[in-house]
Amino acid sequence: MPLAVLPDGSIAMASDIPTGAYVSFMETDNDCSKQAAIQAATGAIKQLGDHKPNVALFFDCVATRLRMGKEFDFELEKVTETLQGASYAGCNTYGQVARVNGQFSGFQNCTAVVCVIPD
């Protein structure tokens, strides 16, 4: 994640980038981040089948929180709504990937991950 443009024109990154590595800059907007969190929560709920959600874990990259600012609260509200009343705990992380069989979406960093534990 780019953090700042330095006085010499170089870019300060959140992690080291090895010499010779290729970097692709991507962009998104807050609505896409909120939708990704909803999709992650919805997908986790679907995995429960007939079981009722009891509690959940929610992780999202710190880059999302930094980019969204106060709008990150709206992402959390959407997760709360989607989890059908289940309490959850979580944190911002330094990148994560979690997929289930048959799921091919998502990318490293800025990816919402939800784990729902049934009753």
Side-chain angles (χ1 to χ4, degrees):
M1 181 182 121
L3 298 174
V5 177
L6 302 176
D8 67 356
S10 62
I11 299 172
M13 302 297 283
S15 62
D16 292 335
I17 299 175
T19 301
Y22 289 96
V23 176
S24 297
F25 287 93
M26 300 165 55
E27 67 178 318
T28 189
D29 59 35
N30 291 347
D31 288 335
C32 286
S33 295
K34 292 174 203 171
Q35 190 60 36
I38 291 168
Q39 288 177 350
T42 301
I45 293 284
K46 280 179 117 174
Q47 294 291 320
L48 297 179
D50 294 332
H51 299 280
K52 181 180 177 192
N54 181 25
V55 66
L57 301 172
F58 173 69
F59 304 97
D60 206 341
C61 184
V62 69
T64 302
R65 183 180 55 80
L66 292 173
R67 181 179 45 76
M68 291 182 79
K70 290 186 184 276
E71 281 199 58
F72 188 71
D73 290 345
F74 293 111
E75 180 174 316
L76 297 176
E77 287 173 15
K78 293 298 182 186
V79 170
T80 300
E81 290 172 16
T82 307
L83 291 176
Q84 305 171 4
S87 296
Y88 70 92
C91 64
N92 292 119
T93 65
Y94 191 58
Q96 62 286 323
V97 174
R99 295 190 176 132
V100 296
N101 288 341
Q103 181 185 17
F104 299 102
S105 63
F107 56 93
Q108 175 68 19
N109 264 343
C110 303
T111 304
V113 176
V114 179
C115 171
V116 179
I117 301 165
D119 274 341

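All values reported here derive from a predicted model rather than from experimental measurement.
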*Scan residues 30-50 for pairs that pass salt bridge (charged side-chain N to carboxylate O under 4.0 Å, His left out), counting only residues two or more places apart or in two chains.*
Asp31-Lys34, Lys34-Glu71
*Flag yes if Phe59 and Ile45 sit in one hydrophobic cluster, no otherwise; membership is Ile, Leu, Val, Met, Phe, Trp, Tyr, and two members link when side-chain heavy atoms are under 4.5 Å apart.*
no
*Have a look at Pro53 and tell me which of Ile117, Asp119, Val116 forms a side-chain contact (heavy atoms from CB on, under 4.5 Å) with it.*
Val116
*With sequence neighbours left out, write down each residue that passes side-chain contact (heavy atoms from CB on, under 4.5 Å) with Val23, or none if nothing qualifies.*
Ile17, Phe25
*Any donor-acceptor pair under 3.5 Å from Asn92 side chain to Asp60 backbone*: yes
_Closest approach of Ala37 to Ala112 (non-hydrogen atoms, all atoms of both residues)_ = CA-CB, 3.7 Å
*asked:* Can you tell me how far apart OG1 (Thr93) and CZ (Arg65) are? Round to the nearest 0.5 Å.
replied: 11.0 Å
*Would you please test Asn30 and Arg67 for side-chain contact (heavy atoms from CB on, under 4.5 Å) and show each step?*
CA-CA 8 Å; Asn30 291 347; Arg67 181 179 45 76; 3.0 Å; yes
Please table the atom pairs, donor to acceptor, closer than 3.5 Å between any side-chain atom in residues 80-89 and protein atoms at least two apart or in another chain.
residue : atom : partner : partner atom : Å
Thr80   : OG1  : Leu76   : O            : 3.0
Thr80   : OG1  : Tyr88   : OH           : 3.3
Thr82   : OG1  : Lys78   : O            : 2.8
Tyr88   : OH   : Leu76   : O            : 3.2

*Val79 and Phe72: same hydrophobic cluster, using ILVMFWY side-chain contacts below 4.5 Å?*
yes
*Among all residues two or more places apart in sequence or in another chain, which pass the side chain to side chain donor-acceptor pair (under 3.5 Å) test with Ser10?*
Asp8
*Give, for atom CZ of Phe58 and atom SG of Cys91, the distance between the pair rounded to the nearest 0.5 Å.*
10.0 Å
_Working to the nearest 0.5 angstrom, can you tell me the gap between Gln39 CD and Cys32 SG?_
9.5 Å
